[in-house]
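This report refers to the structure that appears directly beneath it.
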Amino acid sequence: QVQLVESGGGLVQAGGSLRLSCAASGGTFSRYAMGWFRQAPGKEREFVATISGGAIYTYYSSSVKGRFTISRDNAKNTVYLRMNSLKPEDTAVYYCAAGQVYMRATYTYTAGEYDFWGQGTQVTVSS
C-alpha cells in the first residue's frame with residue numbers, strides 16, 4: 001500500500017508559478033508511474049501529467065503542455081509538478097497518483113489507471 005501526501009498548493013496571481021510536491025511512502029517508489037490530476041468544482045477529475053518510474057517518459061495534457069513540468073526524485077520518494085504561467089482556469093484541487101501504468105504518447109490518461117491517491121492540494125489562480 002502506497003501513501004501519498006501532496007503539498008505546495010496556494011493562492012497565486014495569473015501568470016505566476018507554483019511547485020507542488022507529493023511525498024510517497026509504503027512502497028518501492030521507483031516501480032510506480034506517478035501522475036497529477038486535477039478537479040475543479042462541478043467538473044470531472046482530469047489528467048494533467050504523468051512520469052514513468054525511471055523518469056524517462058513524461059506526458060502532459062494539451063491544456064498544460066509547455067507550462068507545467070513533472071519531475072521526480074526517486075531517492076526522496078517525491079514527485080513534483082512545476083506550474084508556470086498559471087491561468088484562472090488552472091484553479092482546482094490537484095491530486096497525486098501512483099500506479100503501474102502503461103506509458104504511451106497520449107494527452108490523456110484515466111484516473112482508473114492509477115491505484116493510489118493523495119488527499120489533494122488546492123490551487124487557486126486569481127485574475
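None of the values given here were measured: they were computed from a predicted structure.
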- Message: For a quick check under 3.5 Å, do T106 and T108 share a side-chain donor-acceptor pair by atom type?
- Response: no
- Task: Report the residue from R38, Q39, Q122 that forms a side chain to side chain donor-acceptor pair (under 3.5 Å) with Y94.
- Result: R38
- Note on the structure: Heavy-atom nearest pair, I51 first then S71, reads CD1-CA, 3.8 Å
- Decide whether I56 and Y32 are clustered together by the hydrophobic rule: side chain heavy atoms of Ile, Leu, Val, Met, Phe, Trp, Tyr closer than 4.5 Å, transitively. no
Donor-acceptor contacts, no H, no angles, side chain residues 76-84, under 3.5 Å, sequence neighbours left out:
{"unit_1": "T78", "atom_1": "OG1", "unit_2": "K76", "atom_2": "O", "d": "2.8"}
{"unit_1": "R82", "atom_1": "NE", "unit_2": "N84", "atom_2": "OD1", "d": "3.1"}
{"unit_1": "N84", "atom_1": "OD1", "unit_2": "S17", "atom_2": "OG", "d": "2.9"}

- Look up atom OG in S30 and atom CG in D73, then write down how far apart they are to the nearest 0.5 Å. 11.5 Å
- Message: Testing the basics here: between G99 and Y114, what is the closest heavy-atom pair and its distance to 0.1 Å?
- Response: N-CD2, 3.9 Å
- For residues 18-50, pull every pair meeting disulfide bond (SG atoms under 2.5 Å apart), keeping only residues two or more places apart or in separate chains. C22-C96
- Would you check, one step at a time, whether the test side chain to side chain contact (heavy atoms under 4.5 Å, CB included) holds for V12 with T124? CA-CA 6 Å; V12 63; T124 303; over 6 Å; no
- Task: Ignoring hydrogens and angles, tell me if any N or O in the side chain of R72 forms a donor-acceptor pair with the backbone of S52 under 3.5 Å.
- Result: yes
- Which value, rounded to the nearest 0.5 Å, describes the distance between Y95 atom OH and E46 atom CD? 12.5 Å
- Message: Working to the nearest 0.5 angstrom, can you tell me the gap between Y60 OH and R67 CZ?
- Response: 12.5 Å
- Message: Treating Q13 as the side-chain partner and V125 as the backbone partner, does any N or O pair qualify as donor plus acceptor under 3.5 Å?
- Response: no
- Query: Is there a side chain to side chain contact (heavy atoms under 4.5 Å, CB included) between W117 and F37 once you walk through the steps?
  - Reply: CA-CA 10 Å; W117 293 83; F37 287 73; 3.6 Å; yes
- Is there a side chain to side chain contact (heavy atoms under 4.5 Å, CB included) between L20 and T121 once you walk through the steps? CA-CA 8 Å; L20 305 183; T121 185; 4.0 Å; yes
- Can you name the closest pair of heavy atoms from M103 and A33 and give their distance? CE-CB, 3.6 Å
- Step by step, work out the side chain to side chain contact (heavy atoms under 4.5 Å, CB included) result for T50 and T58. CA-CA 6 Å; T50 193; T58 57; over 6 Å; no
- Query: Does the ring center of W36 lie less than 6.0 Å from the ring center of F68?
  - Reply: no
- Item | Short N-O contact, E89 and K43, less than 4.0 angstrom | no
- Query: Which heavy atom of L11 sits nearest a heavy atom of S126, and at what distance?
  - Reply: CD1-CB, 4.4 Å
- Shared ILVMFWY cluster between I70 and V93, side chains joined below 4.5 angstrom? no
- Message: For a quick test of reading the model, state the closest non-hydrogen atom pair linking S127 to A14 and the distance between them.
- Response: CA-CB, 4.4 Å
- Query: Parallel under 30°, tilted from 30 to 60°, perpendicular over 60°: which one fits the rings of Y57 and Y59?
  - Reply: parallel
- Task: Write down the atom of A98, the atom of L4, and the distance for their closest heavy-atom approach.
- Result: N-CD1, 3.8 Å
- Query: Do the ring centers of F47 and Y109 come within less than 6.0 Å of each other?
  - Reply: yes
